[in-house]
Structures are given as structure tokens and as C-alpha cells.
Amino acid sequence: MFDVQGFILVGGASRRMGQDKAQLRLGAQTILERIAAELSPVTSSVTLVGSPEAYAGHSLPTVPDVYEKWGALGGIHAALSAAKTDWIIVIACDLPFVKRDLFEWLKSFVADSIDSIVPMQADGRPQPVCALYRRETCLPEIERLISAGEHTPRALLANVRTRYVEFSELGDLRGAENYFLNLNTPGDLERARWLVEIGDSL
């Protein structure tokens with residue numbers, strides 16, 4: 001099986017949540033610990049993308065954004081810039097219910113004719129911050145987009161060969177109904193903690 005590095009985006013401003021999402025606790029673990037535990041078994045390494053100062057005490061290495069305050073596209077760019085493997089997995093720190101089964105399934109779509117592999121949520125929207133990217137083709141395209149003032153990952157997906165994985169293709173993967181539960185607000189956090197408490201996302 002090919003090598004793939006994992007990158008967790010921890011650099012968001014978290015304005016609506018009011019605090020660092022990655023350090024919020026769900027049960028016995030922080031959200032960051034939960035995601036890293038699922039990503040580690042299916043990658044050769046796990047690296048954080050964000051402020052090295054903010055995560056200086058963390059056991060995982062951290063790389064800073066090359067383009068600060070450039071949102072998710074800037075985070076993906078930083079991950080690709082730091083990557084040593086041809087493919088990487090990028091995951092945002094506000095998706096606490098992703099599972100290694102999802103990452104393995106997305107990896108199964110890797111092919112020479114594809115540059116990015118992006119799952120679709122149940123509502124039909126793509127989830128570009130839980131996706132695989134090919135360094136050789138995606139990195140120069142992101143640099144071109146950023147130079148043109150573009151901020152959205154969807155612009156990248158439209159300009160490279162993207163394999164969208166429909167939600168129906170996730171089949172019977174464990175916990176699929178909660179994979180893309182995004183924590184943006186205190187209300188989202190309350191729901192996530194309830195799911196953990198009842199064991200619905202384990």
C-alpha cells in the first residue's frame with residue numbers, strides 16, 4: 001500500500017465557538033486527540049497545520065500556514081508544502097466523528113487519473129477538509145489560485161481531476177451518519193457531547 005501523510009487543520013479562528021475547537025473535550029479525549037487516533041493507523045505520520053506556538057506542548061509536529069488568514073485553502077496549501085509523500089489526507093479539527101474506516105475507503109479511490117478525492121455529505125455538499133490530495137498536481141494549482149486571490153477549496157476541486165465520493169458510496173461504514181457533523185457553535189458541541197454520551201458515535 002502506498003504511503004500517505006496525514007495533516008490536521010487546527011488554524012481556524014473559531015469565532016462562533018469562542019474557543020479553540022481542537023482542544024475541546026469530548027468524553028475522555030480532546031477533539032484533536034480523537035482525530036489523531038483515527039488518522040494515525042492509516043498514515044505514515046500525522047502533522048498539525050496551525051500556529052507552532054499555540055501547539056508547542058503537543059506531541060505532534062506543527063507546520064505554520066505559508067499564507068496566513070487564507071482559510072481552509074491556505075491550510076491545504078501548507079499541508080501540501082510540508083508533505084514528503086505524493087498523497088496526503090487533510091482533515092479539519094472540527095470534524096470529531098471521522099473514523100479510520102472512512103480514510104481507508106477514500107484511499108481506495110487513488111488512481112493515476114485522479115488528483116483529489118473528496119467525500120460528499122448527505123446534503124450533497126463536498127467536504128474538501130476531509131479529503132485526499134495529490135501533491136504534484138494540487139500544490140501548483142493552489143499556488144496559482146492564491147496568487148489570483150482565490151480563497152475557497154472548491155475552486156481547487158474544480159480545477160484538478162477530482163473524484164467525488166457520494167455519501168451513498170460510503171455504504172455501511174461505521175458511524176457514517178456522523179462523519180461530517182461539523183462543530184461550529186456551542187450548540188453543535190452540546191450535540192456532539194450527547195452523541196458521545198449515548199455511544200452513538202463510537
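Residues take their numbers from the sequence shown, with the count starting at 1. As a basis for the values below, the full set of heavy atoms in this structure was taken, side chains included, without hydrogen atoms, waters or symmetry mates. Quick caveat: nothing in here was measured; it's all calculated off a predicted structure.
Using a cutoff of 4.0 Å between basic side-chain nitrogens and carboxylate oxygens, Arg125 and Asp123 are scored as salt-bridged. Taking a cutoff of 4.0 Å between a charged side-chain nitrogen and a carboxylate oxygen, Arg161 and Asp115 qualify as a salt bridge. The pair Glu169-Arg163 meets the salt-bridge criterion, with a side-chain N (NZ, NE, NH1 or NH2) lying under 4.0 Å from an Asp/Glu carboxylate O.
Between Trp70 and His151, the ring center distance clears the sub-6.0 Å criterion.
Between Thr152 and Leu73 there is no side-chain heavy-atom pair separated by less than 4.5 Å. Between Leu95 and Tyr179 there is no side-chain heavy-atom pair separated by less than 4.5 Å. Counting heavy atoms from C-beta outward, Ile89 and Lys107 have side chains that approach closer than 4.5 Å. Contact annotation: the side chain of Val129 never approaches that of Ile91 to less than 4.5 Å [non-hydrogen atoms, C-beta and beyond]. Between Thr62 and Glu53 the shortest side-chain heavy-atom distance does not fall below 4.5 Å.
Of the residues listed (Glu150, Glu141, Arg144), the one engaging Leu156 in a side chain to side chain contact (heavy atoms under 4.5 Å, CB included) is Glu141, and it is the only one.
At distances below 3.5 Å, at least one donor-acceptor pair connects side-chain atoms of Glu33 with backbone N or O atoms of Thr30. The closest donor-acceptor contact from the side chain of Tyr133 to the backbone of Ala79 lies at 3.5 Å or more, if one exists at all. Between the side chain of Arg135 and the backbone N or O of Ala83 there is at least one donor-acceptor pair closer than 3.5 Å. Looking at Arg134, its side chain does come within 3.5 Å of a backbone N or O of Ile114 through a donor-acceptor pair. Although no hydrogens or angles enter the test, the distance criterion places no donor-acceptor pair under 3.5 Å between the side chain of Arg193 and the main chain of Asp188. For the pair Ser108 (side chain) and Trp105 (backbone), a donor-acceptor distance under 3.5 Å is present.
Counting non-hydrogen atoms of neighbouring residues, nucleotides and ligands closer than 6.0 angstrom, the CG atom of Asp112 reaches no more than 12 such neighbours. Residue Glu190 places its CD atom among 12 or fewer non-hydrogen atoms of other residues, nucleotides or ligands, all under 6.0 Å distant.
Cys130 and Phe180 get closest at one heavy-atom pair: SG-CE2, 4.0 Å. When all heavy atoms of Phe167 and Glu177 are compared, the closest pair comes out as CZ-CA, 4.3 Å. The shortest heavy-atom contact between Ala78 and Val63 is O-CG2, 4.5 Å.
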* Decide yes or no on side-chain hydrogen bond (donor to acceptor under 3.5 Å, both in side chains) for Glu38 and Ser40, but give the supporting numbers first. => CA-CA 6 Å; Glu38 296 296 329; Ser40 294; over 6 Å; no
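Atom CH2 of Trp87 and atom OG1 of Thr85 lie 10.5 Å apart (nearest 0.5 Å).
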Could you list the donor-acceptor pairs under 3.5 angstrom formed by side chains in residues 41-48, with sequence neighbours left out?
unit_1, atom_1, unit_2, atom_2, d
Thr43, OG1, Leu39, O, 2.9
Thr43, OG1, Ser45, O, 3.3
Ser44, OG, Val4, O, 3.3
Ser45, OG, Gln5, NE2, 3.3

